[in-house]
Amino acid sequence: MEWEPAMILLAPEDFIVEGLAELMTKAGFRETGREFKRKGKVRLIVVTGEREDPFQGKEILAVALLRGKPTENWLKNALSGYGRVILIALDGLEEGVEGVTVLGPEWLAEAFTRYSIEPPKTLLEKFLPERERPRALKEFVLDGPLVESISSQKLVDEAKRVVSYKFSVSSDEIGLKGLKLILKPVYVVSWMRENESGKAFFDGERVVLNVDGELKGLAMKVLLEDVATVLATEVEVEEDTDPTKPVLEEAVKREWLDLRVIGSRKAYVPVGAEVVLSLGRREAMVRFDFAVGRVSAEAEPLDEAELVELAKEHVRRELREEPISLETVRRGRFTLMRGKTERYFFEIELNSYSGSVRKFQPALTEEAMLEMVLSKYSDGHIIGVERHPRAVFVDLLVRGKAIVVKLDPKTGKILETRDLGSPWDALRKSAQGIIEVTGDPELKSCQVINHEIIRAEFEGNGFRALVEYNGKTGEVLESSVEIGLSVAIELALRRYGNYSILFTEESGEGFNLTLGGERDVLKVFVSRSGEIRELDRFLRREVVEEIALAKIREVEPSPSIEGLRLSDHWEVEFTGVKAFGRLKVHRTSGEVLEFEYQYIESAITKAFTEFVRKTYGDTIEVEWIAHNIEEGYAGVKGVGKKGIYFGKYNTLTGELMEHDFVPSGGIASKLKLAQVEGKYAVK
């Protein structure tokens with residue numbers, strides 16, 4: 001039957017609250033609490049729940065039921081601290097509350113109808129053409145009227161409401177087994193004396209000899225009304241007495257000795273009731289005390305063995321498998337149990353009094369789900385499993401690719417499959433050169449984070465690598481590589497193909513390698529991550545010698561290398577039969593940057609002797625040579641047959657810069673000799 005807004009307004013609040021809790025359960029929320037708040041005639045009941053979303057995390061929701069017209073401040077304060085709130089205002093709301101979704105009985109009626117939440121039978125009866133009498137009750141005819149009317153149906157409805165609230169049992173699960181009405185007899189006694197008559201009232205304890213006011217009206221009602229009928233399974237009447245005696249005793253006290261009782265009429269006052277209700281395998285007793293307005297209810301919960309059997313029956317019926325294990329987790333108004341069948345885990349919550357199933361959540365075991373996944377991906381390798389209330393995610397490696405399979409936890413049905421790309425492809429993006437050297441490495445571990453990010457670790461021949469990438473976009477988010485010496489050497493030789501390894505040195509940060517080629521020597525640094533940085537490059541020693549000798553032979557026919565060292569550039573020192581000097585050769589290009597030389601004394605002696613012979617036709621014997629190396633010249637003195645000869649040579653070029661001749665004999669010759677000799681001898 002469809003709900004109507006009027007039915008929502010007439011339905012018991014406890015049923016509406018249970019219906020709201022069921023709506024939250026159907027939406028995937030687990031109930032976490034209920035709170036009841038009241039101010040005057042305003043009543044607010046808040047049901048809170050939470051659920052896990054695999055993509056958004058924990059989600060919290062509060063659904064509140066409001067009766068009455070609260071003030072804006074009170075309602076705002078009462079709903080603060082719950083986060084997302086949906087408010088059902090049964091009596092309307094003049095002003096909304098910021099951040100709160102306000103709905104009315106029309107929305108709730110439509111929601112209850114859509115999600116098949118059935119109205120209570122007692123509520124349906126109010127909307128049926130003919131109201132049926134509860135079958136358990138029968139009609140009792142009393143021998144007097146009822147002083148106060150009583151509705152058996154209302155008593156049963158109230159008893160069900162109390163039991164439903166106290167023991168969290170749905171009204172539909174409650175059945176009537178018995179109703180005992182407890183009645184107290186009261187009497188109106190008619191009397192006469194002399195010229196006076198009146199009516200006395202007796203309730204079993206007190207006597208009012210002459211009624212007036214309210215009692216007078218009550219007495220008239222007792223006397224005038226017909227006998228009453230009540231609906232019950234049992235009627236209990238408290239002790240019945242004869243009212244004549246207490247009335248006469250009261251007349252004697254007043255010295256009304258002539259009072260005569262004419263007649264009496266019995267009536268009944270309802271003082272209490274006991275309603276026995278069925279709760280599945282158990283009963284509940286609800287007692288009404290009309291004198292003080294008290295209602296109490298009691299029931300014995302099912303013992304654990306009975307609850308276990310009910311749980312097993314439900315599991316067999318729903319899963320068609322036998323429970324292998326079952327344990328009680330928590331007992332209260334509801335008993336929570338967890339267990340396992342061959343292919344399922346399950347959680348079942350039963351009402352501890354009625355045994356009805358409040359919640360049943362089966363989930364395939366991990367083994368069963370993985371078996372289903374591997375039946376489709378027979379060549380797959382499972383690397384991770386993550387369970388959520390509404391979905392299970394299985395991470396696999398299939399033919400070199402990472403995929404995520406989303407399954408229904410109850411049926412194992414594959415809901416979605418995502419291709420997250422190949423970890424090897426991501427590694428090649430970040431370490432292509434190393435992979436070319438070592439070949440494809442072995443995948444040592446692979447993890448899928450948040451069903452999107454892949455984190456993989458590799459080990460290969462002489463290196464280890466870690467790569468993290470976005471499986472949706474393929475973007476490499478993080479990568480690191482650590483190589484060994486053998487890989488570092490191979491990377492260097494691949495870059496410098498015509499070189500060979502001369503020396504290796506390992507440090508904490510990487511490797512220093514010295515490579516030799518045909519003409520030069522190269523020093524490089526290879527980091528642990530495979531990056532190559534050139535540190536130094538210089539010509540080989542023998543190549544520098546060849547370049548230097550070729551240059552020296554331009555001035556010295558028989559040169560000899562005396563020194564060869566590398567500073568900023570190559571420094572070369574040489575000597576020969578004619579000259580000596582130094583060269584600076586560029587360390588990498590071989591260009592002669594500097595070339596300095598000077599002729600030696602033996603060469604000057606030979607050149608001067610030849611000059612004198614050709615110029616003067618004389619032979620000489622060189623007496624001394626004064627060589628100023630810093631200035632680059634040398635003075636020479638030779639003694640011949642015709643006289644004494646002097647010369648000054650540029651030792652850098654071998655050029656005779658100037659010369660003098662002093663003939664032998666005479667005072668003038670001696671004076672000139674002293675002057676000339678000083679000119680050439682000064683250093």
Side-chain angles (χ1 to χ4, degrees), residues 136-159 162 176-276 285-298:
L137 302 182
K138 58 183 179 179
E139 191 173 70
F140 287 82
V141 180
L142 305 177
D143 56 352
L146 279 172
V147 172
E148 298 174 5
S149 63
I150 185 171
S151 169
S152 298
Q153 186 61 54
K154 287 184 178 179
L155 284 175
V156 172
D157 290 346
E158 179 64 13
V162 171
L176 176 63
K177 296 193 71 174
L179 167 60
K180 179 169 74 172
L181 294 177
I182 303 170
L183 306 177
K184 176 182 179 180
V186 296
Y187 306 89
V188 174
V189 179
S190 300
W191 53 265
M192 287 187 64
R193 60 182 293 264
E194 295 182 359
N195 298 324
E196 184 182 4
S197 64
K199 295 175 179 60
F201 178 81
F202 177 61
D203 62 3
E205 296 177 1
R206 68 187 179 108
V207 177
V208 178
L209 196 57
N210 196 11
V211 296
D212 59 4
E214 290 184 5
L215 279 181
K216 185 174 182 180
L218 176 62
M220 293 303 296
K221 179 178 180 180
V222 170
L223 293 173
L224 295 175
E225 287 191 2
D226 199 356
V227 296
T229 60
V230 293
L231 294 175
T233 55
E234 181 183 353
V235 175
E236 177 183 309
V237 178
E238 293 184 353
E239 183 178 357
D240 197 0
T241 59
D242 181 2
T244 302
K245 183 179 178 182
V247 169
L248 292 176
E249 290 175 350
E250 183 66 22
V252 170
K253 290 179 183 180
R254 293 193 180 192
E255 297 181 352
W256 291 2
L257 302 179
D258 59 341
L259 185 142
R260 290 181 298 112
V261 173
I262 299 173
S264 65
R265 179 75 188 274
K266 183 192 295 185
Y268 294 92
V269 176
V271 295
E274 294 179 355
V275 182
V276 181
M285 171 69 78
V286 181
R287 292 184 171 87
F288 294 87
D289 187 335
F290 300 143
V292 296
R294 181 186 300 123
V295 182
S296 62
E298 58 185 38

Self-check item: Taking every non-hydrogen atom, the tightest pair across F202 and R206
Solution: CD1-O, 3.2 Å

Quiz item: Going through the checks in order, is the side chain to side chain contact (heavy atoms under 4.5 Å, CB included) test met by V211 and V188?
Solution: CA-CA 9 Å; V211 296; V188 174; over 6 Å; no

Quiz item: When rounded to the nearest 0.5 angstrom, what is the spacing between CD1 in I150 and CD in E148?
Solution: 9.0 Å

Exercise. Taking atom CD of E249 as the centre, report whether more than 12 heavy atoms of other residues, nucleotides or ligands fall under 6.0 Å from it.
Key: yes

Practice problem: Among residues two or more places apart or on two chains, list those pairs meeting side chain to side chain donor-acceptor pair (under 3.5 Å) that have a residue in residues 189-198. | Solution: R193-E196, R193-D258

Self-check item: Reported CD1-to-CZ distance for the pair I182 and F290, which is rounded to 0.5 angstrom
Solution: 8.5 Å

Quiz prompt | side-chain contact (heavy atoms from CB on, under 4.5 Å) partners for E250, two or more places apart | solution = V207, L209, K253, R254

Quiz item: Is any NZ, NE, NH1 or NH2 atom of the basic residue among K184 and E238 found under 4.0 Å from an Asp or Glu carboxylate oxygen of the other?
Solution: no

Exercise. Would you indicate whether the side-chain heavy atoms of D203 and V269 approach each other to under 4.5 Å?
Key: no

Quiz item: Nearest heavy-atom pair of L142 and L146: which atoms, and what distance?
Solution: CD1-CD2, 3.9 Å

Quiz prompt | Results of side-chain hydrogen bond (donor to acceptor under 3.5 Å, both in side chains) for K245 - residues two or more places apart only | solution = none

Practice problem: Would you check if V286 and S296 make a side-chain contact, meaning some heavy-atom pair closer than 4.5 Å? | Solution: no

Quiz item: Would the number of heavy atoms belonging to other residues, nucleotides or ligands and lying under 6.0 Å from NZ of K177 be above 12?
Solution: no

Self-check item: Distance, nearest 0.5 Å, that separates CD1 of I262 from NZ of K199
Solution: 8.5 Å

Practice problem: May I ask you to decide if L179's main-chain N or O and T233's side chain share a donor-acceptor pair within less than 3.5 Å? | Solution: yes

Quiz prompt | Nearest-0.5 Å distance that lies between atom NZ in K266 and atom OG1 in T241 | solution = 9.0 Å

Quiz prompt | Beyond-backbone contact of F288 with E158, side-chain heavy atoms, under 4.5 angstrom | solution = yes

Quiz prompt | Rounded distance (nearest 0.5 Å) linking atom CG of L231 with atom OG of S151 | solution = 8.5 Å

Quiz item: What is the minimum heavy-atom distance between A232 and V235, and which atoms define it?
Solution: CB-CG2, 4.3 Å

Practice problem: Report yes if the side chains of V271 and L183 come closer than 4.5 Å at any heavy-atom pair, otherwise no. | Solution: no

Self-check item: Shortest non-hydrogen contact between L181 and S152, atoms and distance
Solution: CD1-OG, 4.2 Å

Exercise. Identify the two heavy atoms, one from R265 and one from G144, that lie closest to each other, and give their separation to 0.1 Å.
Key: NH2-CA, 4.4 Å

Quiz item: Shortest non-hydrogen contact from V186 to Y268?
Solution: CG2-N, 4.4 Å

Exercise. Taking the side chain as every heavy atom from C-beta outward, state whether R287 and E298 have any atom pair closer than 4.5 Å.
Key: yes

